[in-house]
Protein chains: 2
Amino acid sequence: MNTKYAEYEQPSITVDLVIFTVNNEMLKVLLTKRAEAPFEGGWSLPGGFLFKGESLEAAALRVLKEKAGVPNVYLEQLYTFGKPNRDPRTRVITVAYFALIPWENLNQPESTKITDLKWPDVSQAPRLAFDHKEILNTAVQRLRAKMNYSNIVYGLLPEQFTLSDLQKMYEIILGSTFDKRNFRKRMLASGLLQETGKKHALGAHRPAMLYQFKKMEITFLN
Amino acid sequence: MNTKYAEYEQPSITVDLVIFTVNNEMLKVLLTKRAEAPFEGGWSLPGGFLFKGESLEAAALRVLKEKAGVPNVYLEQLYTFGKPNRDPRTRVITVAYFALIPWENLNQPESTKITDLKWPDVSQAPRLAFDHKEILNTAVQRLRAKMNYSNIVYGLLPEQFTLSDLQKMYEIILGSTFDKRNFRKRMLASGLLQETGKKHALGAHRPAMLYQFKKMEITFLN
DNA sequence: CCAAAAGTGTTATTGATACACCCATGC
DNA sequence: GCATGGGTGTATCAATAACACTTTTGG
């Protein structure tokens with residue numbers, strides 16, 4: 001078995017990123033306006049072709065830096081999409097990743113040619129090029145699932161946050177509300193949080209205790 | 001952005017399959033002996049190059065039929081492995097799938113050139129070619145995780161089975177034992193099983209009721 | 001009657017849910 | 001002093017875990 005036969009596919013490979021953030025009480029996803037055909041002028045997930053000798057993860061981090069200006073984020077391989085005609089030009093297989101970035105950490109992207117970026121609410125994303133809507137849906141599903149059995153929310157919060165911030169994240173992403181007392185009990189019982197001793201005062205009300213996640217990898221709860 | 005630049009990778013694509021079955025109280029995985037370089041004579045996961053115009057899933061099903069002689073099984077995309085030097089010949093990206101087959105359903109593979117197949121216990125698999133050990137480990141992890149929150153065990157059992165068969169599957173795969181009464185209570189309470197009314201008599205003991213899964217997709221419990 | 005696997009209920013513990021008021025601060 | 005969000009406890013219910021004996025069959 002080798003590649004000398006013409007019958008074997010040698011497709012181009014892209015990585016496409018579903019980059020989430022939360023701002024203004026909504027889950028947002030980064031989209032780029034396409035400068036070239038196909039789907040010129042349409043919106044798509046940020047992505048790029050895999051370079052020679054580049055690992056998939058390195059390509060994902062490269063795109064992340066180009067488009068979101070952030071190298072250090074939660075990044076996870078999502079799924080590989082490879083239907084033969086998903087790109088009208090030629091065979092292109094894409095390895096999709098999803099990333100989480102706290103809104104506060106977003107920077108201007110370094111790339112100059114990408115001027116058209118936007119962060120729509122996930123629920124109001126426009127039509128997307130290729131099969132990117134399917135990729136987006138897959139990512140949203142995965143994010144929601146992981147909220148329930150991991151501390152992945154870590155990737156969306158700043159270093160320090162209040163329990164109200166944390167609860168709001170869950171409510172925004174899962175689209176449901178929680179009882180404040182039960183929520184706090186559960187979070188504190190998980191053992192993943194630690195008090196910082198600092199208090200956060202903003203606005204005309206009682207200042208809230210700031211917490212941070214203990215330094216550890218993503219953990220699966222239950 | 002297109003493929004006219006030499007800097008973009010156009011790798012060969014393979015699909016590799018982690019095909020599990022349970023027999024003789026052990027979780028087994030299908031391996032093939034490599035007939036060609038690299039790693040000639042060594043063991044690897046069954047796999048094959050992606051054909052022109054073929055979808056990834058179609059390629060996975062093709063390999064499944066060639067190597068395990070079975071087209072109808074539980075099949076799920078696992079992960080895509082693409083480190084630049086994972087294949088010593090050239091850049092090869094592999095999309096790994098994992099499959100579950102009830103031991104009873106296994107047939108002789110159609111392929112004639114593949115004479116060297118074996119089904120070692122997962123815990124006693126030999127050294128594997130490429131990064132296949134990593135792929136295998138990833139698959140085992142995923143299988144174990146899914147046992148806990150889905151009815152994926154469906155893929156390893158024959159149409160009809162006893163509650164003891166079911167419990168044994170869980171115990172073999174998860175490597176732990178369960179209390180019989182609690183296990184049966186949980187399974188029956190899940191609502192996914194139905195009695196067939198038939199009884200299974202084999203050996204000198206009381207015959208057991210046969211159950212089957214209700215016709216439905218893979219379901220996530222809890 | 002013996003060996004082997006099937007089948008069955010109750011209690012204790014743990015985790016999840018429902019629910020309402022006082023506190024600290026800025027203006 | 002009032003508006004705003006922060007912070008707290010208890011009672012009920014549901015799910016899980018621990019635990020041992022009787023039943024049916026073949027030989």
Side-chain angles (χ1 to χ4, degrees), chain A residues 22-25 144-145 147-151 153 157-158 160-172 174-212 219-222, chain B residues 22-25 144-145 147-151 153 157-158 160-172 174-212 219-222:
Chain A
V22 169
N23 180 241
N24 196 25
E25 316 247 315
R144 293 204 172 120
M147 290 294 284
N148 286 315
Y149 64 85
S150 80
N151 62 348
V153 67
L157 288 162
Q160 303 195 341
F161 50 87
T162 67
L163 289 177
S164 295
D165 294 338
L166 185 60
Q167 181 171 351
K168 202 163 284 175
M169 279 292 169
Y170 273 87
E171 292 181 340
I172 291 166
L174 296 176
S176 48
T177 60
F178 300 97
D179 177 83
K180 187 165 42 157
R181 282 166 295 187
N182 293 337
F183 182 85
R184 293 159 102 94
K185 231 182 302 172
R186 247 182 332 119
M187 289 297 141
L188 295 173
S190 78
L192 301 176
L193 295 178
Q194 55 186 187
E195 288 193 5
T196 64
K198 295 182 225 166
K199 296 209 169 187
H200 178 67
L202 186 68
H205 50 81
R206 177 171 173 179
M209 174 64 68
L210 287 167
Y211 289 81
Q212 59 192 22
T219 302
F220 293 87
L221 307 171
N222 301 334
Chain B
V22 169
N23 180 240
N24 196 24
E25 316 246 317
R144 293 206 172 118
M147 289 294 284
N148 286 316
Y149 63 85
S150 80
N151 62 348
V153 66
L157 288 163
Q160 304 195 342
F161 50 86
T162 67
L163 289 177
S164 295
D165 294 338
L166 184 61
Q167 182 171 350
K168 202 163 286 176
M169 279 292 169
Y170 274 87
E171 292 181 339
I172 290 166
L174 296 176
S176 50
T177 59
F178 300 96
D179 177 85
K180 188 164 45 156
R181 282 164 295 187
N182 292 337
F183 181 85
R184 293 160 101 94
K185 232 181 302 172
R186 249 187 324 124
M187 288 297 141
L188 294 173
S190 78
L192 301 177
L193 295 178
Q194 57 186 188
E195 287 193 5
T196 64
K198 295 183 226 166
K199 297 209 169 186
H200 178 67
L202 187 69
H205 52 81
R206 178 172 174 177
M209 175 65 69
L210 287 167
Y211 290 81
Q212 60 192 20
T219 302
F220 293 87
L221 307 171
N222 302 333

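To find a chain, count down the sequence lines: A is the first, B the second, and so on, and within it residues start at 1. As the structure is a prediction and not an experimental result, all values here were calculated from the model.
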Subject >> Gap between atoms CZ and P, on A:R184 and D:dG6 respectively (whole Å) >> reply: 7 Å

Original post:
Taking the six-membered ring for Trp, are B:F178 and B:F183 parallel (under 30°), tilted (30 to 60°) or perpendicular (over 60°)?
Top reply: tilted

**OP:** Please state how far atom CG in B:L210 lies from atom P in C:dA5, giving the value in whole angstrom units.
**Re:** 17 Å

Original post:
Side-chain contact, heavy-atom cut-off 4.5 Å: B:L163 with B:M209?
Top reply: no

**OP:** Grab the two heavy atoms, one from B:E25 and one from B:I172, that are nearest each other, plus how far apart they are.
**Re:** CA-CD1, 3.5 Å

**OP:** Using atom CG of B:L202 as one end and atom P of C:dA3 as the other, report the distance to the nearest whole Å.
**Re:** 20 Å

**OP:** Report, as a single string ordered 5' to 3', how protein heavy atoms within less than 4.0 Å touch nucleotides 19-27 of chain C: B base, S sugar-phosphate only, - not at all.
**Re:** BB--BBBB-

Original post:
Quick one: B:F161 CZ to C:dA5 C1', roughly how many Å, whole number?
Top reply: 18 Å

**OP:** Examine D:dG6: is either OP1 or OP2 under 4.0 Å from a nitrogen or oxygen in the side chain of A:S164? Give yes or no.
**Re:** yes

Subject >> Pairing residues for A:Y211 by the ring-ring contact (aromatic ring centres under 6.0 Å, His included) criterion, not counting sequence neighbours >> reply: none

**OP:** Could you state the atom-to-atom distance from CZ of A:F183 to P of D:dG7 in whole Å?
**Re:** 13 Å

Original post:
Whole Å only: how far is the CD atom of A:Q167 from the P atom of D:dG5?
Top reply: 14 Å

**OP:** For the residue pair B:P158 and B:Q212, establish whether any side-chain heavy-atom pair is separated by less than 4.5 Å.
**Re:** no

Original post:
What is the distance, rounded to the nearest whole Å, between atom CG of A:L188 and atom P of D:dT8?
Top reply: 8 Å

Original post:
To the nearest Å, how far apart are A:L166 CG and D:dG6 P?
Top reply: 12 Å

Subject >> Atom pair CG (A:L157) and CD (A:Q160), whose distance is rounded to the nearest 0.5 Å >> reply: 11.5 Å

